[in-house]
Amino acid sequence: MTPLTPVPSELDGAESTPAPRVSWAQLRRDLAFLIVNLPIAIAAFAAAVTGFSLGVSLLIIWVGIPVLVLTLAIARGFAQFERARIRICEQRPLPPVYYRENVGNLGRRLLGVLRDPQYWRDLAHAVVAFPVRIFTWVVIVTWIATAIGGIAYVTYGWALERIPDNQTLWELIGVDSAAFGVFANVVLGLIFLVTLPFVARGLSAMEAALGRVMLTNPGAAENAALRARAEQLHLSRAAVVEAEATTLRRVERDIHDGPQQRLVRLTMDLEAAQRRLADDPDAARPLVDEALAQTQEALAELRALSRGIAPPILADRGLQAALAAAAARCPIPVDLDVALGGDDRPPAAAENAAYFVVAEALTNVAKHSGATSVTVSVVRMDGVLHVHISDDGVGGAHLGKGHGLAGLADRLAGIDGTLEVHSPVGGGTVLTAQIPAA
């Protein structure tokens, strides 16, 4: 399915914005919008009809394809200009408009333009809007001329009466009175002047409605948003699967290199001690002591591994206690600030993600940064956990593939979280994570 690309200037949520009310400021915008409509409509109509006719007539020799594409591109330019004018006149955003993104070679891009329905809607608007704008332009110009001419009749009416064989409207209907003619024209001009804002608003709203119908495609916008969300969820799921697989490989490697080797050594020591207990108990004692030391070290490593998977303190006492324990284990002084905003705990997924971000960051600081101090801040605000970790080390950290921070970013992507790293060489490292916790 061909992806859709939004026009950056279009905004969502336009339908929730109320229509503009009649006012003198709105009247100025409406008049500016309506007066220039006809010349713009003539240019757009001429370009659309001429380009379409020429392109269709030349299709037999394939020259018509680029001509049609050029015509559609010109129509899109007029449409974008019209959308901007409507937004200015209406003082509210339009519904979003999307054009399909054309990729591939030149031929595919040209055909992609011809297959995009929004381009043809733009072209159709240039044709349909032409008679509509003739009507609105004639009405608004007539209304303005009647208002000005009627009010100013008192200044030039005497000249009309001196023209030979000239008859005014009132004389044609049987009223032969100069005073009544002046009075009637002034009253008519005042009526047209008072109703001008309402007429201008109605005409502008009619043309804006036509533009909203033909120059926007909110249905395509919604579909594009759903497709983008589905793609985002697919990528997040893939990132979570990759992160979990990486974590499992790391745990397997750590168990193999640590506790497993110590348990093998423990088994060998106990077997040797068992053989010597009968004939030389004194020689067996050091082996038992060594086995006991191996047991304690293996237990310590298993506890460290369990903290990296799911520390019990996190489930039992919450995020603040778990972060305090992680900070206490760090060999570098840690300034910890946790503000979770109330007694209710964040969701378990958010707590786990925040803990792993801090734990991995502190591990990296201890191993690679050469820092002398670390600052950790975890604040819950507006349903989001904001995690901020900074150190004064050598910097140079990044989210490259295969690094621990890349795994953290993948883990956060699975719950719609984000991770940013700012780590200039020699300037320390700042990690910023945002984790949904509503």
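Since we're looking at a predicted model, the values are computed, not measured.
- Residues Val138 and Thr136 form no side-chain contact, since every pair of their non-hydrogen atoms from C-beta on lies 4.5 Å or further apart.
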- Message: If you apply the rule side-chain contact (heavy atoms from CB on, under 4.5 Å), what do you find for Ser204 with Leu34, and how did you get there?
- Response: CA-CA 7 Å; Ser204 297; Leu34 293 169; 3.6 Å; yes
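- Taking both residues in full, the closest heavy atoms of Leu412 and Ala353 are given as CD2-CB, 3.7 Å, listed atom of the first, atom of the second, then distance.
- Between Thr372 and Asp392, the side chains place a donor N or O and an acceptor N or O closer than 3.5 Å (distance only, hydrogens not considered).
- Residues Arg87 and Arg92 have side chains not in contact (no heavy-atom distance under 4.5 Å, counting atoms from C-beta outward).
- Separation of atoms CZ (Arg85) and CZ (Arg83) is listed at 13.0 Å; rounding is to 0.5 Å.
- Annotation: side chain of Leu94 is not in contact with side chain of Leu215 (no heavy-atom distance under 4.5 Å).
- Under a 4.0 Å N-O distance rule, the pair Glu82/Arg133 qualifies as a salt bridge.
- In this structure the side chain of Val376 reaches within 4.5 angstrom of the side chain of Leu362, judged on heavy atoms.
- Residues Leu59 and Leu68 form a side-chain contact, since some pair of their non-hydrogen atoms from C-beta on lies under 4.5 Å apart.
- For Ala361 against Leu431, the heavy-atom pair with the smallest separation is CB-CD2, 4.0 Å.
- Atom-to-atom distance recorded for Thr71:OG1 and Phe52:CZ is 9.5 Å, nearest 0.5 angstrom.
- By the neighbour-count criterion of 12 heavy atoms within 6.0 Å, atom NE2 of His422 is sparsely surrounded, having that number or fewer from other residues, nucleotides or ligands.
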- Report the C-alpha distance between Ser373 and Asp391 in whole Å, list the side-chain angles of each, state the deciding distance to 0.1 Å, and finish with yes or no for side-chain hydrogen bond (donor to acceptor under 3.5 Å, both in side chains). CA-CA 6 Å; Ser373 64; Asp391 65 63; over 6 Å; no
- Query: Please walk me through it: do Phe130 and His125 pass side-chain contact (heavy atoms from CB on, under 4.5 Å)?
  - Reply: CA-CA 8 Å; Phe130 181 63; His125 178 268; over 6 Å; no
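- Taken from CZ in Arg115 to CZ in Arg108, the straight-line distance is 8.0 Å, to the nearest 0.5 Å.
- Thr418 OG1 to Ile435 CD1: the interatomic distance, rounded to the nearest 0.5 Å, is 8.5 Å.
- The main-chain N or O of Ala437 is found under 3.5 Å from a side-chain atom of Arg380 such that the two form a donor-acceptor pair.
- Between Val379 and Leu385 the shortest side-chain heavy-atom distance does not fall below 4.5 Å.
- The distance from atom OH of Tyr355 to atom CD of Glu360, rounded to the nearest 0.5 Å, is 11.0 Å.
- Here the shortest heavy-atom pairing between Ala354 and Val387 reads CB-CG2, 4.2 Å.
- Proximity of a side-chain donor or acceptor of Ser423 to a complementary backbone N or O of Gly396 within less than 3.5 Å is detected.
- With rounding to the nearest 0.5 angstrom, the CZ atom of Arg345 is 4.0 Å from the CD atom of Glu351.
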- Item | Evaluation steps, side-chain contact (heavy atoms from CB on, under 4.5 Å), between Asp337 and Val378 | CA-CA 6 Å; Asp337 179 21; Val378 180; over 6 Å; no
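- Under 4.0 Å is where a charged nitrogen must lie from a carboxylate oxygen, and between Arg76 and Asp122 no such pair does.
- In this structure, the side chains of Met206 and Phe135 come closer than 4.5 Å at one or more pairs of heavy atoms.
- Scanning both residues, Ile191 and Thr195, for their nearest heavy atoms gives O-OG1, 2.8 Å.
- In terms of modelled atom types and a separation under 3.5 Å, the side chain of Trp143 and the main chain of Val199 share no donor-acceptor contact.
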- Message: Determine whether Leu203 and Trp137 satisfy the following criterion, side-chain contact (heavy atoms from CB on, under 4.5 Å), listing intermediate values before the conclusion.
- Response: CA-CA 9 Å; Leu203 296 175; Trp137 191 85; over 6 Å; no
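- When all heavy atoms of Ile40 and Phe81 are compared, the closest pair comes out as CD1-CE2, 3.5 Å.
- Looking at heavy atoms from C-beta onward, Thr363 lies out of side-chain contact with Val365 at the 4.5 angstrom threshold.
- The minimum heavy-atom distance linking Arg29 with Ile88 is given by the pair CD-O, 3.3 Å.
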